[in-house]
Amino acid sequence: MAIKQNSFLGRFPKTRLRRNRKAGWARNLVAENWLNVHDLVWPLFVQEGEGKRTPVTSMPGVERLSIDILIEEIKEAAAAGISAVALFPVVEQDKKSDLAEEAYNPENLMCRAIKSVKEAVPNIGIICDVALDPYTTHGQDGLVIDGYVHNDQTIEVLCKQALVQANAGCDVVAPSDMMDGRVTVIRDYLDLHGHELVQIMSYSAKYASSFYGPFRDAVGSSDNLGKHSKASYQMNPANGDEAIREAALDIAEGADMIMVKPGMPYLDVLARVHEQFSVPVFAYQVSGEYAMIQAAHQQGWLDGKRAMLEALIAFKRAGATGIFTYAAKDVAIWLRDHTQHHTSLMKAS
Ligand code: PBG
């Protein structure tokens, strides 16, 4: 229980809170949160081809990788202690369709990537998005019927997509589409097919956000989506209480883990969800958040490393169990070099 009476906590001059901040070791000693390499999930973009790395212009330092290169990167991530990777496919235009059939083709890019990574790097978790946007000609996360993203018919396709991914060796399916009721139906479908150990990480509170812009460039869905928005299924940024209802429903439906997304603009939502429910909750530092820090760093307007570590420790402070960040590999290296706390990187006086 929080102590409300300030008199309990002392008074100046006997009490000086700056004492505990007088040196790096002291600040470290009293730190309430630490970033750990095992907290990290590294999102990666996979593309067709061999020996291919294609930079994502709007995400400095991020590349789309062909499967062979992907494996090499993931080997390094596993060696550094990163717990899991989240894979996103760059689907070729001629594979996209109105009904997103490629999403449940067992030989699609995603399934081939999952199989290869699982075989080459068995000791890292593989998380896969369950949503149709990489596969639809219109870039929406579901099937569009009479101008509306149809909830229940979309779920049928999501189930088939989740199943081919689970069959390929995916450890965690992550529905990111915000259809109502999809967690329970996907859970039943996976169980029916013998996948009761495949976890579901539900993007429970996913907002209709402009911070996804660079991601849509990376997977090549922004042109398809054009000026259309996802506001009929992703949440209104104005709402907080509604996120609690979304999370409660997903937990009741059997989600093993839940997510709040984007990260930094929604720290209040993350903190509320964490306080309300005893389930692992993840923060996603999305593409736009990553891009902002990188861009400002490139301009010399801030120190990208310190800003990144500060942003990530904020997720821990707000209650995140784990964090998705495109900077995961860099962060893993910084942590290994013991420069993990952003305040220990600063010369204090
Ligand atoms: C697809 C999906 C998106 C992201 C993750 N899965 C984009 C969207 O909903 O339009 C965004 C991730 C990011 O911006 O880093 N459903």
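Order of listing sets the numbers, starting from 1, for every ligand and every atom in it.
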Considering residues, nucleotides and ligands other than Arg245, do more than 12 of their heavy atoms fall under 6.0 Å from its CZ?
-> no

Count the heavy atoms belonging to other residues, nucleotides or ligands that lie under 6.0 Å from CE of Met264, then report whether that count exceeds 12.
-> no

Relative to Tyr284, does Lys261 satisfy both conditions: NZ or CZ under 6.0 angstrom from the six-membered ring centre, and within 45 degrees of the ring's axis?
-> yes

For ligand 1, what are the residues with a heavy-atom contact below 4.0 Å?
-> Phe88, Asp129, Ala131, Asp133, Asp141, Ser176, Lys206, Phe211, Tyr212, Phe215, Arg216, Lys230, Gln234, Lys261, Tyr284, Val286, Ser287, Tyr326

Any pair with a residue in residues 156-168 that passes side chain to side chain donor-acceptor pair (under 3.5 Å), sequence neighbours left out, goes on the list, sorted by first then second residue, please.
-> Asn167-His195

Centroid-centroid under 6.0 Å between Phe282 and Tyr203 rings = no

Carefully, step by step, assess Leu270 and Tyr266 under the rule side-chain contact (heavy atoms from CB on, under 4.5 Å).
-> CA-CA 6 Å; Leu270 179 65; Tyr266 299 89; over 6 Å; no

